[in-house]
Protein chains: 2
Amino acid sequence: MCMLQTIRGMRDLDPQLARKKNFVLAICKETFEKYGFKPLETPAVEYLELLTKKGSAGEEIEKEIYSFEDKSGRKLGLRFDLTVPMSRYVASNPTLRLPFKRYQIGSVYRYDRPQEKRYREFTQADIDIVGSNSIIAEFEIIAVVIEICQKLELKNFYIKINSRKLLEEIAKCCNIPNDKIKECFRCIDKLDKIGWEGVEKELKAYSLETKICEVVKNNNFESTIKMIEKNKGNEDCIKELKELFELLKKFSLDKYVKLDLSLARGLEYYTAIVFEVVADGPSIAGGGRYDRLIGTYGSKDIPAVGISFGVDRVIDNMKKGFGTESKILIIPANETIKTQALEFVQKLRENNIASEIDLMNRNISKNLDYANKEGIPFVIVLGDKELKEKKFSLKDMKTGKETLLKLDEIGKLKEIIGK
Amino acid sequence: MCMLQTIRGMRDLDPQLARKKNFVLAICKETFEKYGFKPLETPAVEYLELLTKKGSAGEEIEKEIYSFEDKSGRKLGLRFDLTVPMSRYVASNPTLRLPFKRYQIGSVYRYDRPQEKRYREFTQADIDIVGSNSIIAEFEIIAVVIEICQKLELKNFYIKINSRKLLEEIAKCCNIPNDKIKECFRCIDKLDKIGWEGVEKELKAYSLETKICEVVKNNNFESTIKMIEKNKGNEDCIKELKELFELLKKFSLDKYVKLDLSLARGLEYYTAIVFEVVADGPSIAGGGRYDRLIGTYGSKDIPAVGISFGVDRVIDNMKKGFGTESKILIIPANETIKTQALEFVQKLRENNIASEIDLMNRNISKNLDYANKEGIPFVIVLGDKELKEKKFSLKDMKTGKETLLKLDEIGKLKEIIGK
């Protein structure tokens, strides 16, 4: 029966995965707030006109927007990222105090070809700094990213850094006409998917020279600088990159970053420095500076820089597992003492001990089996004897060890279960 | 420009509101987990066939589903609640261990007439207990609700309780034909909106007797019981309600609950006890038992009971405000010491002091103005003198009081800012 499935490309997060997600999001939130980012939430549905506005998504992503009409004929779409809605929020609030450092965590939607570990609904955790031209803004974004990757104990993570402006200068040196730069970047952006040969083929399909591939593949900052100098190109982008790398070095973060001239980033709105985080595999975060996006919606340009974490990628690769919420299962030995058992579990909860009581009228052995399979670490069987003697036995399901405690020894119980 | 607005009926949560929401959700999550509920997440988009399946939403809500076709012609819809998707999850996982106590927090969508404080996208925080027939399940749901309302310091909250089965028995006593009971309940459910006169009018429009209004308005449990006994109706529902009220009394929770024979609940899937939480105004949570919903998707019925919190209603009525994430703003007195100032703010962050640094190249007075308007409680101005003497002054923006501290006295600083 088809309706029993999630729709193509979307998925349920079962408790195991949902716990991982909660863990990742708690780390993101805590780190974002430490850096002074504040929360914002925007709807999942926006006017299609906003999402497809020239200068926002770009052709590639526009094709992937879930779009539809509501019952009054309004053309709507599900958001494909959190940056465009945030930019709408800024553009529509002209009295907003700057800098606006905001974080947002939410689902975004892309009608993409579903592939392994790519979903049509996925969660992004975003931070953006709106209003600042300072390179310290880029630095802060990268510092947050590194701290989160460290807290998540991601192995071999590093941040690729490039500049769209630099790439433009390179393109100019390689005879790419100004009006073809967008197409050229779109080709280079496909590198991870189609390799260098593929990129060259695509460039040729646009009748573009492939010399840029050589330069970018070489990835040599010094020789690229010389080339741009010789071509009398704009050298601001070089200054910016140098400043950023110096700052990162100053804070011993340079070991986590790498210049990567092939990094173009898919979204059209980026204007200057761009970055992407990789950790043993596909990218888990990406972002950059987009100084003109907000201006496309409002009257004036407002500079901005930010990054998106792809939370699904992180949790799909996470080895770490998480235990049940309940620390203790209370098993009433018979029907008649149910209310007393409930009183006891309510007392545990009052003492902040997450616990549950049999709700299925199962016998003791079936309850033990449930606790075991579920992974609930402790059980307490309560019977007439226990209630009469005001003592109970706390059983550690892993070791099998039982500890005899008085009914009111909640403090001791907490110690044993490690709370 | 229309695209600069959120779409009709949906809204942005600015940082003030988003902080309130985070506060409410943290309380929900903590309380849910203490009672042994585990997290589940399902997509916002489902097959329309699932959402409109007979026995789930019911006619009234079906009209409100955002439905559309994807690019492959699949008929999809945005979820209108979290219960139906969870029921799909359970029905499609026949080996799921029961009881399945799950919580889920997420946005749901209803193409409703937008009214004050009713939104077309709103957040629900749900708990459900799947697999249990025990009245303790109802008790736990209600106990969680009461604890959350207490933690949120909601004034004058109470929980209306009724039983669909009881209401059915009443309907039978009042000559409502079996095949008209759905319509009858739908009329009664509109009471809050249209009043008793309106309900009577609607009943008449269906050619139904209005005697039920009298009984329900009277709200007398004892006389209702007698009426059902006389009519030789099914008395199970009476037993269930009595059991639940006794249990609530035993735990001194009866002061928070009230029998309300007029409570019908809008969703069609409820089968027995239903409840609704009110707190000085419209309902903020509602739920009940739905023993047949999961069965409509799978092969066999699985009993279930749960509740949804309407998070938007709670935050819209919340007086309590929340301060900025940043506790301190660091102001470099001039361009040249920016890097040192950044080193200092990074040190604060390492010590878990949420803080920010000027990113706008503003002068001191403009920075003070920013901190003031933004509500950042403390500022530190760093200049050449401060760095040379390794001392700085911590300014309390509320009292104006300044404290002189050494650059490495982070412990003292923490004490003063109350961390």
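Proteins get letters first, then strands, A, B, ... in listed order; numbering begins at 1 in each. The figures here come from the full heavy-atom set of this structure, side chains too, leaving out hydrogens, waters and symmetry mates.
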Engineer: Go through the atoms of B:K20 and report whether side chain, backbone, both or neither lie under 4.5 Å from a heavy atom of chain A.
Structural biologist: neither

Engineer: Might you point out which heavy atoms bring A:Y89 and B:P15 nearest each other, and give the distance in Å?
Structural biologist: OH-CD, 3.9 Å

Engineer: Based on non-hydrogen pairs under 4.5 Å, which of B:A137, B:P39, B:A18, B:S326 is most in contact with chain A?
Structural biologist: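 Heavy-atom pairs under 4.5 Å are most numerous for B:P39.
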
Engineer: Are any side-chain N or O atoms of A:E46 and backbone N or O atoms of B:I7, one a donor and one an acceptor, separated by less than 3.5 Å?
Structural biologist: no

Engineer: Give the intermediate values and the outcome of side-chain contact (heavy atoms from CB on, under 4.5 Å) for residues B:L247 and A:L342.
Structural biologist: CA-CA 10 Å; B:L247 213 46; A:L342 185 58; 4.2 Å; yes

Engineer: Run the salt bridge (Lys or Arg N to Asp or Glu O under 4.0 Å) test on A:E350 and B:K34 for me, step by step, so that the C-alpha distance in whole Å, both residues' side-chain angles and the decisive distance to 0.1 Å come before the verdict.
Structural biologist: CA-CA 9 Å; A:E350 269 166 39; B:K34 208 172 75 176; over 6 Å; no

Engineer: Measure B:K21 against the heavy atoms of chain A and call it side chain, backbone, both or neither at under 4.5 Å.
Structural biologist: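 Only the side chain of B:K21 comes within 4.5 Å of chain A.
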
Engineer: Examine whether an atom of A:K75 lies under 4.5 Å from a heavy atom of chain B, and if so say whether it belongs to the side chain, the backbone or both; otherwise answer neither.
Structural biologist: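 A:K75 has no heavy atom closer than 4.5 Å to chain B.
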
Engineer: So which part of B:Y35 gets closer than 4.5 Å to some heavy atom of chain A, the side chain, the backbone, both or neither?
Structural biologist: both

Engineer: How long is the gap from CE on B:M3 to CD on A:E49, to the nearest 0.5 Å?
Structural biologist: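 So the CE of B:M3 and the CD of A:E49 are separated by 5.0 Å.
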
Engineer: Who among B:T324, B:L98, B:I357 has the most heavy-atom pairs with chain A under 4.5 Å?
Structural biologist: B:L98

Engineer: Counting only non-hydrogen atoms closer than 4.5 Å, does B:N361 touch chain A with its backbone (N, CA, C, O), its side chain (CB onward), both, or neither?
Structural biologist: neither

Engineer: Counting only heavy atoms from other residues, nucleotides and ligands, does the tally under 6.0 Å from NZ of B:K366 exceed 12?
Structural biologist: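 Result for NZ/B:K366: open.
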
Engineer: Can you say whether A:S72 sits under 4.5 Å from chain B via the side chain, the backbone, both, or neither, judging by heavy atoms?
Structural biologist: both

Engineer: Tell me, for B:L76 versus chain A, whether the close heavy atoms (under 4.5 Å) come from the side chain, the backbone, both or neither.
Structural biologist: side chain

Engineer: Please report the shortest heavy-atom distance between A:P99 and B:Y370, naming the atom on each side.
Structural biologist: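 Taking every non-hydrogen atom into account, O-OH, 3.7 Å.
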
Engineer: Could you grab the distance from atom CZ of B:F251 to atom OG1 of A:T339, nearest 0.5 Å is fine?
Structural biologist: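 B:F251 CZ to A:T339 OG1: 7.0 Å, rounded to 0.5 Å.
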
Engineer: Is chain B contacted by the side chain of A:N22, its backbone, both, or neither, given a heavy-atom distance below 4.5 Å?
Structural biologist: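 Side chain of A:N22 only, per the 4.5 Å heavy-atom cut-off to chain B.
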
Engineer: Answer yes when B:K71 and A:E64 have at least one side-chain N-carboxylate O distance shorter than 4.0 Å, and no when they do not.
Structural biologist: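 Not counted as a salt bridge, because no side-chain N and carboxylate O are separated by less than 4.0 Å.
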
Engineer: For B:R74, which atoms come within 4.5 Å of any heavy atom of chain A: side chain, backbone, both, or neither?
Structural biologist: side chain

Engineer: Considering all heavy atoms of both residues, which atom of B:P43 and which atom of A:E121 are nearest to each other, and what is their separation?
Structural biologist: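 Closest approach of B:P43 to A:E121, heavy atoms only: CA-OE1, 2.9 Å.
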
Engineer: Considering only heavy atoms, which portion of A:F100 lies under 4.5 Å from any heavy atom of chain B: side chain, backbone, both, or neither?
Structural biologist: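 Looking at A:F100, just its side chain touches chain B.
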
Engineer: CZ of B:R8 to CG of A:D70: how many Å apart, nearest 0.5 Å?
Structural biologist: 10.0 Å

Engineer: So for B:Q346, is it side chain, backbone, both, or neither that comes closer than 4.5 Å to the heavy atoms of chain A?
Structural biologist: side chain

Engineer: For A:E356 and B:G36, which heavy atoms make the closest approach, and how far apart are they?
Structural biologist: OE2-O, 4.0 Å

Engineer: So, applying side chain to side chain contact (heavy atoms under 4.5 Å, CB included) with A:T42, which one of B:D12, B:T6, B:L13 is it?
Structural biologist: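 One option only clears the test, and that one is B:D12.
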
Engineer: A:S87, A:S355, A:S67: which one forms the most heavy-atom pairs within less than 4.5 Å of chain B?
Structural biologist: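 So the answer, after comparing A:S87, A:S355, A:S67, is A:S355.
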
Engineer: Need one label for B:I129: side chain, backbone, both or neither, based on atoms under 4.5 Å from any heavy atom in chain A.
Structural biologist: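 Looking at B:I129, just its side chain touches chain A.
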
Engineer: Considering only heavy atoms, which portion of A:L78 lies under 4.5 Å from any heavy atom of chain B: side chain, backbone, both, or neither?
Structural biologist: side chain

Engineer: Closer than 3.5 angstrom, by distance alone: can the side chain of A:S132 be matched with the main-chain N or O of B:L359 as a donor-acceptor pair?
Structural biologist: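 Yes, A:S132 side chain to B:L359 backbone: donor-acceptor pair under 3.5 Å.
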
Engineer: Please step through side-chain contact (heavy atoms from CB on, under 4.5 Å) for the pair A:E140 and B:R349, ending with a clear verdict.
Structural biologist: CA-CA 11 Å; A:E140 287 201 332; B:R349 288 165 177 166; 2.8 Å; yes

Engineer: Top residue by heavy-atom pair count (under 4.5 Å) with chain B, among A:I136, A:V345, A:N93?
Structural biologist: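 Among A:I136, A:V345, A:N93, the one with the most close pairs to chain B is A:I136.
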
Engineer: Dump the intermediate steps for side-chain contact (heavy atoms from CB on, under 4.5 Å) on B:V45 and A:Y66, then the final yes or no.
Structural biologist: CA-CA 11 Å; B:V45 191; A:Y66 276 88; 5.5 Å; no

Engineer: For B:A143, is it the side chain, the backbone, both or neither that has a heavy atom under 4.5 Å from a heavy atom of chain A?
Structural biologist: side chain

Engineer: Please identify, among B:M360, B:R362, B:E69, B:M10, the residue contributing the most non-hydrogen atom pairs under 4.5 Å to chain A.
Structural biologist: B:M360

Engineer: Heavy-atom distances under 4.5 Å only: say whether B:F32 touches chain A with side chain, backbone, both or neither.
Structural biologist: neither

Engineer: A:R97 versus chain B, heavy atoms under 4.5 Å apart: side chain, backbone, both or neither?
Structural biologist: side chain

Engineer: Measuring heavy-atom distances to chain A, does B:K38 have an atom under 4.5 Å in its side chain, in its backbone, in both, or in neither?
Structural biologist: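 For B:K38, backbone and side chain are both near chain A.
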
Engineer: Tell me, with the steps shown, if A:R88 and B:Q5 meet side-chain contact (heavy atoms from CB on, under 4.5 Å).
Structural biologist: CA-CA 8 Å; A:R88 171 192 52 71; B:Q5 292 163 9; over 6 Å; no

Engineer: Between B:K101 and A:E374, does any side-chain N to carboxylate O distance fall below 4.0 Å?
Structural biologist: no

Engineer: Where does B:R102 contact chain A at under 4.5 Å (heavy atoms): side chain, backbone, both or neither?
Structural biologist: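 No part of B:R102 comes within 4.5 Å of chain A.
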
